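Keep in mind it's a predicted model, so treat the numbers as computed, not measured.
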Protein chains: 2
Amino acid sequence: MSFGEQDLNRAFLALADPTRRQIIARLSTGPATVNELAEPFKMSIQGISKHIQVLEQAHLVTRTREAQRRPVHLNPALLTELTGWIDKYRLLAEQKYNRLDAVLKDRSAHSG
Amino acid sequence: MSFGEQDLNRAFLALADPTRRQIIARLSTGPATVNELAEPFKMSIQGISKHIQVLEQAHLVTRTREAQRRPVHLNPALLTELTGWIDKYRLLAEQKYNRLDAVLKDRSAHSG
DNA sequence: TTCTTGATCAACCTTTCGGTTGATTACTAC
DNA sequence: GTAGTAATCAACCGAAAGGTTGATCAAGAA
């Protein structure tokens, strides 16, 4: 599955909202309908519905159809893509630090 | 280091912009000044400066002082926090799927 | 058919974001 | 001191985000 800049924009933006993160946390324990997802919030159903659409466009969730209900499912594959992006640069940066550590240790060993 | 909802908001929002992600990619290879970071972009220096402030408020980068320059450093620790948040729910969801897989395999084994 | 439920669509409003330009601060070099 | 360089501050602007309410659609139940 190809994964462009636009997808990263949408996915990280989706995670930047506490309501949407709470929805993701809920979905990690299993699928749920819009009404079920809305229950813990003071927000209107329409507001929650919008949040779910944002998550869906970011491919963080998918929806099936079940009579008049439309259960929402978390898509863990996309979460993997996100951690992949972050880890790439985290590891590069940490390697830099490790090399610096090595240099400093080497210097103190020579001077001590 | 304590890490609240507000910090997650800011950090994920910071990552939701392609210019800022490119800045992070650059910083993963080592520190850089604002002018150096601005070089690859058509954007004004002030625009880049704003982006860096967003990254700084999200604790994704820190700044030191070096004469009139203010080099920007990537903070890998925060990237770790973010992957930590994502992985928590990714793993929960994957466990769900694995259990479902096991059930389906068990059923087909019995029926086959 | 009519009624109820689950959910979306559409219009609107306020706040925030991402960008610009112009002025200003902080430091170095002469 | 003055000039030059690195970067921020401040005000402004258009576009998008996050929320609301009211109307509508789709499916099952009576």
Side-chain angles (χ1 to χ4, degrees), chain A residues 4-27 30-74 82, chain B residues 4-27 30-75:
Chain A
E5 288 293 299
Q6 191 84 359
D7 298 287
L8 287 172
N9 292 350
R10 285 201 250 256
F12 282 126
L13 184 63
L15 292 183
D17 182 275
T19 302
R20 288 192 292 258
R21 284 199 306 276
Q22 213 171 315
I23 289 174
I24 287 179
R26 164 67 186 79
L27 290 175
T33 67
V34 176
N35 271 296
E36 287 165 353
L37 291 171
E39 201 273 326
F41 300 97
K42 307 186 77 171
M43 199 180 304
S44 68
I45 292 280
Q46 291 95 323
I48 298 294
S49 183
K50 271 194 175 186
H51 279 304
I52 294 171
Q53 286 177 50
V54 170
L55 291 169
E56 192 176 21
Q57 290 191 331
H59 305 115
L60 282 164
V61 306
T62 56
R63 326 185 69 165
T64 54
R65 184 136 244 210
E66 194 178 279
Q68 76 272 46
R69 286 179 202 80
R70 267 152 265 190
V72 185
H73 303 253
L74 188 58
L82 296 183
Chain B
E5 288 293 299
Q6 190 84 0
D7 299 287
L8 286 172
N9 293 349
R10 285 202 251 256
F12 282 126
L13 184 63
L15 292 183
D17 182 274
T19 302
R20 288 193 291 259
R21 283 200 305 275
Q22 214 172 314
I23 290 174
I24 286 180
R26 164 66 184 79
L27 290 175
T33 67
V34 176
N35 271 295
E36 288 166 352
L37 291 171
E39 201 273 326
F41 300 98
K42 309 186 76 171
M43 199 181 303
S44 67
I45 292 279
Q46 292 94 321
I48 298 294
S49 182
K50 271 194 173 186
H51 279 303
I52 294 172
Q53 286 176 51
V54 170
L55 290 169
E56 192 177 19
Q57 289 192 332
H59 305 115
L60 282 164
V61 305
T62 56
R63 325 184 69 165
T64 53
R65 184 136 244 212
E66 194 177 279
Q68 76 271 46
R69 286 180 202 79
R70 267 150 264 191
V72 184
H73 305 252
L74 188 59
N75 176 17

When R20(A) and N35(B) are each assigned the nearest nucleotide of DNA chain D, the 5'-most assignment goes to N35(B)
For the side-chain contact (heavy atoms from CB on, under 4.5 Å) test, which of I52(A), V61(A), L60(A) pairs with L27(A)? V61(A)
Within 6.0 angstrom of E5(A) CD, more than 12 heavy atoms from elsewhere: yes
Atom CD1 of I52(A) and atom P of dG6(C) are separated, to the nearest Å, by 14 Å
So, R70(B) side chain and R63(B) main chain: donor-acceptor pair closer than 3.5 Å or not? no
Is the shortest side-chain N/O distance from S44(A) to OP1 or OP2 of dT20(D) below 4.0 Å? yes
Quick check: do D17(B) and V54(B) have side-chain heavy atoms less than 4.5 Å from each other? no
Within the pair R65(B) and dA26(C), is there a side-chain N or O less than 4.0 Å away from OP1 or OP2? no
Quick one: is dA7(C) close enough that its OP1 or OP2 comes under 4.0 Å of any side-chain N or O from S49(A)? no
Whole-Å gap separating P (dG19(D)) and CZ (F41(A)): 10 Å
To the nearest angstrom, how far is I45(B) atom CD1 from dG4(D) atom P? 19 Å
Report the distance from atom CE of M43(B) to atom P of dT8(D), rounded to the nearest whole Å. 15 Å
Rounded to whole Å, CD of E56(A) lies from C1' of dA7(C) at a distance of 12 Å
Starting from the 5' end of DNA chain D, give me the residue, P71(B) or H51(A), whose nearest nucleotide shows up first. P71(B)
Under-4.0 Å side-chain N/O to phosphate OP1/OP2 contact, R63(B) with dT8(D): yes
Across the strands shown, which category fits Q46(A) at heavy-atom distances under 4.0 angstrom: base, sugar-phosphate, nothing? base
If you assign each of K50(A) and R70(A) to its closest nucleotide in DNA chain C, which residue comes earlier from the 5' end? R70(A)
In whole angstrom, what separates Q6(B)'s CD from dT16(C)'s P? 11 Å
